[in-house]
Amino acid sequence: MALIQIPHDMTELRVMMEQLKTMGKEVNEEKLIDQAVVDNAQQLLDEALEGHYFSCKLVDGDLIVYDVINLPAGTVKPLGNSFKEDFITDAEGLWHHLSSELNRIAGGR
């Protein structure tokens, strides 16, 4: 079985956690979810811009998008109370939300 690089839902996240445990690595579900949100958002940004021009990171519960010169270009809020909750309850809805918001931010440049 191939190692999951970026989990897209809780099923893949749980498989990834087991894979990491098998490799002797420490796992923290919350940190892995945060990383999955950032990594999936980065993939969506790279696709929208046809290259790696913007970056993003979670700051105080929001996803902040930074432009080429590392200035904030936009903010994405979670659908619910947190991105973790969104990922757990409706990952597919979260990706649609992120795609829409990130395209809006990237398209404004």
Side-chain angles (χ1 to χ4, degrees):
M1 181 202 282
L3 185 64
I4 293 176
Q5 298 296 315
I6 302 174
H8 292 94
D9 57 31
M10 282 306 293
T11 301
E12 289 183 6
L13 187 98
R14 288 186 183 108
V15 169
M16 181 184 196
M17 289 176 69
E18 287 306 312
Q19 289 174 332
L20 292 170
K21 285 179 188 175
T22 300
M23 295 167 36
K25 300 193 180 198
E26 233 178 272
V27 294
N28 176 306
E29 182 178 278
E30 190 165 336
K31 286 182 182 178
L32 287 175
I33 289 172
D34 286 350
Q35 192 61 51
V37 169
V38 170
D39 290 346
N40 278 290
Q42 188 64 57
Q43 273 189 336
L44 291 167
L45 268 176
D46 292 351
E47 287 172 17
L49 295 168
E50 297 179 3
H52 186 83
Y53 299 103
F54 285 17
S55 60
C56 56
K57 66 180 177 178
L58 287 174
V59 178
D60 297 327
D62 294 333
L63 186 73
I64 309 295
V65 178
Y66 297 90
D67 66 13
V68 158
I69 56 174
N70 209 30
L71 293 175
T75 301
V76 180
K77 301 259 184 214
L79 285 165
N81 294 321
S82 69
F83 283 110
K84 176 185 177 189
E85 180 182 287
D86 293 347
F87 184 88
I88 291 169
T89 59
D90 183 15
E92 194 64 33
L94 172 59
W95 306 140
H96 288 295
H97 171 66
L98 284 178
S99 180
S100 173
E101 290 297 299
L102 294 171
N103 279 318
R104 180 186 54 79
I105 291 168
R109 295 287 162 193

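Keep in mind that what you see is a predicted model, and the values were worked out from it rather than measured.
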Requested in this report: Would you mind listing the cluster partners of Tyr66? Hydrophobic ones only (ILVMFWY), side-chain contacts under 4.5 Å, chaining allowed.
Outcome: Val59, Ile64
Query raised in the report: Which heavy atom of Ala41 sits nearest a heavy atom of Leu102, and at what distance?
Result: O-CD1, 3.5 Å
Report task. With Ser99 as reference, evaluate Leu45, Leu44, Leu94 under the side-chain contact (heavy atoms from CB on, under 4.5 Å) test and give the passing residue. Result -> Leu44
Query raised in the report: How far does CG of Asp34 sit from CD of Glu29, to the nearest 0.5 angstrom?
Result: 10.5 Å
Query - Which residues share a ring-ring contact (aromatic ring centres under 6.0 Å, His included) with Phe87, sequence neighbours left out - result: Trp95
Requested in this report: Go through the steps for Gln19 and Lys25 under the test side-chain contact (heavy atoms from CB on, under 4.5 Å), then give the verdict.
Outcome: CA-CA 9 Å; Gln19 289 174 332; Lys25 300 193 180 198; over 6 Å; no
Report task. Can you measure from CD1 (Ile105) to CG (Leu63) and round to the nearest 0.5 angstrom? Result -> 7.5 Å
Requested in this report: Using modelled atom types only, decide if a donor and an acceptor are shared between the side chain of Glu26 and the backbone of Lys21 within a distance under 3.5 Å.
Outcome: no
Report task. Treating Ile, Leu, Val, Met, Phe, Trp and Tyr as nodes and any side-chain heavy-atom pair under 4.5 angstrom as an edge, say whether Val38 and Met10 lie in one connected cluster. Result -> yes
Query - Sidechain-backbone polar pair: Asp67 side chain, Ala73 backbone, donor-acceptor under 3.5 Å - result: no
Query raised in the report: To the nearest 0.5 Å, how far apart are CG in Asn28 and CG in Leu20?
Result: 11.5 Å
Requested in this report: Go through the steps to decide whether Glu18 and Val27 satisfy the test side-chain contact (heavy atoms from CB on, under 4.5 Å), and finish with yes or no.
Outcome: CA-CA 9 Å; Glu18 287 306 312; Val27 294; over 6 Å; no
Report task. Check the pair Asp39 / Gln43 against side chain to side chain donor-acceptor pair (under 3.5 Å), numbers first and verdict last. Result -> CA-CA 6 Å; Asp39 290 346; Gln43 273 189 336; over 6 Å; no
Requested in this report: Mind listing the closest non-hydrogen atom pair of Gly93 and Leu79 along with its distance?
Outcome: O-CD1, 3.8 Å
Query raised in the report: So which pairs with a foot in residues 68-83 pass salt bridge (charged side-chain N to carboxylate O under 4.0 Å, His left out), sequence neighbours left out?
Result: Asp62-Lys77
Report summary line: Rounding to 0.5 Å, atoms CD (Glu85) and CD1 (Ile33) come to a distance of 11.0 Å
Query raised in the report: Would you call Val37 and Lys84 a side-chain contact if the rule is heavy atoms closer than 4.5 Å?
Result: no
Query raised in the report: Looking only at heavy atoms, what is the nearest atom pair of Ser82 and Pro78, with distance?
Result: C-CB, 3.5 Å
Report summary line: Interatomic distance, CG@Leu13 vs CG@Leu32, rounded to 0.5 Å, equals 5.5 Å
Query - CD1 on Ile6 to CD on Gln35, rounded to 0.5 Å - result: 8.5 Å
Query raised in the report: side-chain contact (heavy atoms from CB on, under 4.5 Å) between Val65 and Glu101: does it pass, once the steps are laid out?
Result: CA-CA 10 Å; Val65 178; Glu101 290 297 299; over 6 Å; no
Report task. Would you sort out whether Asp9 and Glu92 count as a side-chain contact (heavy atoms from CB on, under 4.5 Å), showing the intermediate values? Result -> CA-CA 8 Å; Asp9 57 31; Glu92 194 64 33; over 6 Å; no
**Report entry** Closest heavy-atom pair and its distance - Leu98, Phe83
**Finding:** CD2-CE2, 4.0 Å
Query raised in the report: For the residue pair Gly80 and Asp86, what are the closest heavy atoms and their distance?
Result: N-OD1, 2.9 Å
